[in-house]
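What follows is a set of notes on a single structure, which appears directly below.
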Amino acid sequence: MTSVVPARTETADLREVEQRVLWLATAMIDHANRVRPNNSGLKVGGHQASCASMVSIMTALHFEHLTAADRVSVKPHASPVLHAINYLLGSLDEEHLTTLREFGGVQSYPSRTKDPDPADYSTGSVGIGATAPIWGAVARRYVDTHGGGAGTGRQYSLLGDAELDEGACWEAILDPTVADLGEVVWIVDLNRQSLDRVVPNIAANRLQGMFTAAGWQVITLKYGQVLEELFARPGGAAMRERIDGMSNPEYQRLLRCTPQQLRERIPAGDSAIEQLLSDVDDETLAAAIRNLGGHDLDALDSAFKAIDDTRPTVIFAYTIKGYGLATEGHPQNHGSLLGEEQMRQLAGQVGADLDDPWHRFPAGSPPGELCAAAASRLRRRERARVKPPQLPTDIGRTPSGTTTTQAALGRTLLDLTRESPEAAERIVTLAPDVSSTTNLGGWLNKVGVWSPSERVDWFADDAETILHWRERPAGQHIELGIAETNLVGLLGELGSTWSRWGQPLLPIGVVYDCFLGRALEPWSFGVYAGGQSILVGTPSGVSLAPEGGAHQSVGTPSIGLEQPGVTSYEPAFAVDTEWCLLAAMSQLGKPGGASSYLRLSTRPVDQSLASVPTDPAVRERRRRQVVGGAYALRRDADPQVTLVGMGALMTEVLAAADRLAEQGIGADVVCVTSADLLFRAHRGDADRSVLDQVFPAGRARPVVTVLDGHPHALAFLAGVNRTPAIHLGVTGFGQSGSLEDVYRHHGLDTDAIVGAALDATHR
């Protein structure tokens, strides 16, 4: 019997690094689960098998091909592999290796903001981390066309094959913007296993065809050097056809077989294959059946060198889940852990010591030199951070007549181009094909649409064209396809440019409020990862009466109140919108900054109802209260009830106060602009000054709260002074109709508010 010629000698050092990465990643999980004291008895967890399938790919990438300009998103379950590599590169101290999933330790999944070592992208929410490098590429290009400084570099995404089940991946791949992003490289860990089983049909050919149709370069790494050499022998073509035709479970079962069982199972009666295998020794046969392209360092090297930087690339790397571990290929190995004896066996295979597991390579040794060279190549220079522009707090406009808070958004952006051009230059707006219907038309006409290159506007000479679609590198509006997931993914990356390249942007995304839930997960994950942005939901609520229940948002005020890392506002008047927007923008692009959500309306409101103070000092006090969460719009000499409104329903609240006054019932009227900030103050998590000014204990009366959304968003206000309360809002799906009919249907009209006030005061 003969053996296959081993891999070329120049890969020997890299193979030694690969084995050390496998050991360190596995040992980190082992220590967290088997060694570290665990008083709770709960499984700590970790994914040794999922890590093992990625080790070869990440070793080849990080130690041979990455540059300092590149960025990498690592699949969530391979977090220990990233930590192991960072440790060998000298960017993670040994003390952290024993803290995986410990409070304050290295995270379960890579985190830009929580891990002690570098992570280019936070991952963990399946599909979201995979697509982040696409939006990172767009953000880099945007920065580079607006002053430069973002450099170049590829954007790699390392993802598991199961992540391609996520719609977020395909929404991103199909966006027209993506086909031009040649710096984007996806590497699919095609291990053909999910959490519970071997996937019967991963349909790799179909996936490859879908990427090809989207304009991507497709590279497939199916077999490694050992198998390819066997296929070149007599009978090899039949063996290739036999393996190609196997179902995933049948192939996976071979990994659990002895060499003798392999000789029985593989040929399936084909004498040519039997003859081929009879001339192969047991060790080579066992190695060959495991020799997939995603574990062959030479094959990976060739694939990385073949990347075409003129279009996006996807590399399908066939791998084995648990490669190199005792659990290799087992259908239930997803969350399984090696026992102590298995760990000692692995230590013997890779030249490690379970009792002293954290050795780096000696300085001057060939693998040590390889690690040192990679560390030097990947070291990034510190970038000076540009300070965010100074923003005005009050442009000074006092709106009159009738307008909407949605229109006030566009008006404020245009005002900034005159009042604060330096700040306006940092603004970038995004919309999923709803720019004109969300009142961004004027802003878009002013600043233009962003495109990496100038494009002809074929309607520029059409006198009847109102919205001018001028696409150019200097543009400041980005419009993606209709998928909100893509928009908020890009929003998060644009909100991270201050920390990546030292260039702060003021990104504002506008979506229909009813689709906030659809956009919430990727936006929330962007906020978690440090992306600072503003998301505007408009139009909102049942005030969008004629459109019916499908477009009438109900729970979004509660979402705004409950979302970590975000301050939510729902202004009632145009000037309130301006002040809240400016306050939100002032929190962007800096350490310790924050994101914001503004819920706006298309309902026209008489702006005189805002009673904006004319005295400058009193106006400033009002502004501070607006951005602090609430203000008293009316104070009665002898109030018997407090009416609290938010957003579009302030018209009805004020009308109800007038009606009550006619009955001799005095009412204080409070306009809430941020239930979020008031709740934080009520909990003791924020300054109480505005809360105490607006709801002083000496004026505590029964409360009626009213909003165009679920009533529980304001229900906590009853606890401020422990007063009786009635909470009006929307608790069912909406109806089409006139504003009057819809408000009456949901019990939000003036009659309902007056009735609630009478009930609250027992009249």
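One-based numbering along the sequence shown.
A donor-acceptor pair under 3.5 Å is absent between the side-chain atoms of T145 and the main chain of P452, judged by distance alone. The closest donor-acceptor contact from the side chain of S496 to the backbone of G492 lies under 3.5 Å. A donor-acceptor pair under 3.5 Å is formed between the side chain of W498 and the backbone N or O of G495. S586 contributes a side-chain N or O that, together with a main-chain N or O of A583, makes up a donor-acceptor pair within less than 3.5 Å. With hydrogens and angles ignored, the 3.5 Å screen pairs no side-chain donor or acceptor of R383 with any backbone N or O of S499. In this structure, the side chain of D676 engages the main chain of S568 through a donor-acceptor pair within 3.5 Å. A donor-acceptor pair under 3.5 Å is absent between the side-chain atoms of S420 and the main chain of E422, judged by distance alone. Not one N or O on the side chain of N486 forms a donor-acceptor pair closer than 3.5 Å with the backbone of A483. Without hydrogens or angle criteria, R470 side chain to N445 main chain gives a donor-acceptor distance under 3.5 Å. Between the R426 side chain and the P504 main chain, a donor and an acceptor come within less than 3.5 Å of each other.
Residue G129 comes nearest to S157 through the heavy atom pair O-OG, 4.2 Å, listed as atom of the first residue, atom of the second, then distance. Nearest heavy atoms, T131 versus A168: CG2-O, 3.5 Å. Residue T313 comes nearest to D308 through the heavy atom pair OG1-O, 3.7 Å, listed as atom of the first residue, atom of the second, then distance. Taking all atoms of both residues into account, the shortest heavy-atom contact from R619 to R397 is NH2-O, 3.1 Å. Across every non-hydrogen atom of L414 and G442, the tightest pair is CD2-O, 3.6 Å. For P571 against T577, the heavy-atom pair with the smallest separation is CG-OG1, 3.3 Å.
Not a single salt bridge (Lys or Arg N to Asp or Glu O under 4.0 Å) links R385 to another residue, sequence neighbours left out.
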Should T673 and D576 be marked as a side-chain hydrogen bond (donor to acceptor under 3.5 Å, both in side chains) after you check the CA-CA gap, both sets of side-chain angles, and the distance that decides it?
CA-CA 8 Å; T673 52; D576 297 353; over 6 Å; no

Apply salt bridge (charged side-chain N to carboxylate O under 4.0 Å, His left out) to E183 and R141, showing your working.
CA-CA 10 Å; E183 63 267 47; R141 290 191 179 203; 2.8 Å; yes

side-chain hydrogen bond (donor to acceptor under 3.5 Å, both in side chains) assessment of R599 paired with S553
CA-CA 10 Å; R599 188 176 192 248; S553 56; 3.1 Å; yes

Assess the residue pair R500 and D120 against the criterion (salt bridge (charged side-chain N to carboxylate O under 4.0 Å, His left out)); give the C-alpha distance rounded to whole Å, side-chain angles, the decisive distance to 0.1 Å, and a yes or no.
CA-CA 9 Å; R500 291 197 192 282; D120 291 330; 5.2 Å; no

Checking side-chain hydrogen bond (donor to acceptor under 3.5 Å, both in side chains) for the pair R680/T567: CA distance, chi angles, key distance, verdict?
CA-CA 10 Å; R680 292 188 216 174; T567 300; 3.1 Å; yes

Applying side-chain hydrogen bond (donor to acceptor under 3.5 Å, both in side chains), run through S596 and Q587 and close with a yes or a no.
CA-CA 9 Å; S596 297; Q587 293 300 308; over 6 Å; no

Could you give me the CA-CA distance, side-chain angles and deciding distance for V81 and V21, then say whether side-chain contact (heavy atoms from CB on, under 4.5 Å) is met?
CA-CA 7 Å; V81 182; V21 171; 3.8 Å; yes

Under the criterion side-chain contact (heavy atoms from CB on, under 4.5 Å), I'd like the reasoning laid out for Y512 against S540: C-alpha separation, chi angles, the key distance, then a yes or no.
CA-CA 7 Å; Y512 276 14; S540 65; over 6 Å; no

Check the pair V178 / I173 against side-chain contact (heavy atoms from CB on, under 4.5 Å), numbers first and verdict last.
CA-CA 6 Å; V178 175; I173 290 165; 5.7 Å; no

Determine, stepwise, if the pair L100 / Q107 fulfils side-chain contact (heavy atoms from CB on, under 4.5 Å).
CA-CA 6 Å; L100 178 68; Q107 298 298 297; over 6 Å; no

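Here the CD-OG1 distance, from Q217 to T212, works out to 9.5 Å after rounding to the nearest 0.5 Å. With rounding to the nearest 0.5 angstrom, the CG atom of L158 is 10.0 Å from the CD atom of E163. Of the inter-residue distances, the one linking L494 atom CG with L430 atom CG reads 5.5 Å to the nearest 0.5 angstrom. To the nearest 0.5 Å, the span separating NE2 on H62 from CG on D70 amounts to 9.5 Å. Remark: T405 OG1 to L600 CG distance equals 4.5 Å, nearest 0.5 Å.
In this structure, R518 pairs ionically with E484, as a charged nitrogen and a carboxylate oxygen lie closer than 4.0 Å. Checked for salt-bridge contact, R411 and E578 miss the test: no charged N lies under 4.0 Å from a carboxylate O. One finds a salt bridge joining D415 and R418 here, because a Lys/Arg side-chain nitrogen approaches an Asp/Glu carboxylate oxygen to under 4.0 Å.
Checking S91 against D117 by side-chain atom types alone, no donor-acceptor pair falls below 3.5 Å. Counted by atom type alone, D175 and T177 present one or more donor-acceptor pairs between their side chains at under 3.5 Å. With hydrogens and angles left out, the side-chain atoms of S524 and Q563 include a donor and acceptor closer than 3.5 Å. Using modelled atom types, one finds a donor on one side chain and an acceptor on the other under 3.5 Å when comparing Q155 with Y121. In the model, W443 has no side-chain atom that pairs as donor or acceptor with a side-chain atom of T417 under 3.5 Å. For the residue pair D115/H96, the side-chain donor-acceptor check at 3.5 Å is not satisfied.
Centroid-to-centroid, the aromatic rings of W579 and F573 stay 6.0 Å apart or farther. For Y87 and H83, the gap between ring centers reaches or exceeds 6.0 Å.
Side chains of V185 and P312 form no contact here, defined as non-hydrogen atoms less than 4.5 Å apart. Within the 4.5 Å cutoff, no side-chain heavy atoms of V511 are placed close to those of T538. Residues L409 and V536 meet the side-chain proximity criterion, which asks for heavy atoms closer than 4.5 Å.
For K590, the NZ atom sits in a packed shell: over 12 heavy atoms of surrounding residues, nucleotides or ligands are nearer than 6.0 Å. A 6.0 Å sphere centred on CZ of R624 holds no more than 12 heavy atoms belonging to other residues, nucleotides or ligands. The local environment of CD in Q390 is sparse, with at most 12 non-hydrogen atoms from other residues, nucleotides or ligands closer than 6.0 Å.
Results of the side-chain contact (heavy atoms from CB on, under 4.5 Å) test with R140 over V138, V143, D144 single out D144 as the only residue that passes. Under the side-chain contact (heavy atoms from CB on, under 4.5 Å) test applied with I478, the options V428, T429, L487 reduce to a single match, V428.
Using bins of under 30°, 30° to 60° and over 60° for the plane-to-plane angle, the ring pair F525/Y528 lands in the tilted bin. Using a 30° and 60° split on the angle between ring planes, Y156 and F304 fall in the perpendicular class, above 60°. Note: Y109 and H77 have tilted aromatic rings, judged against thresholds of 30 and 60 degrees for the angle between ring planes.
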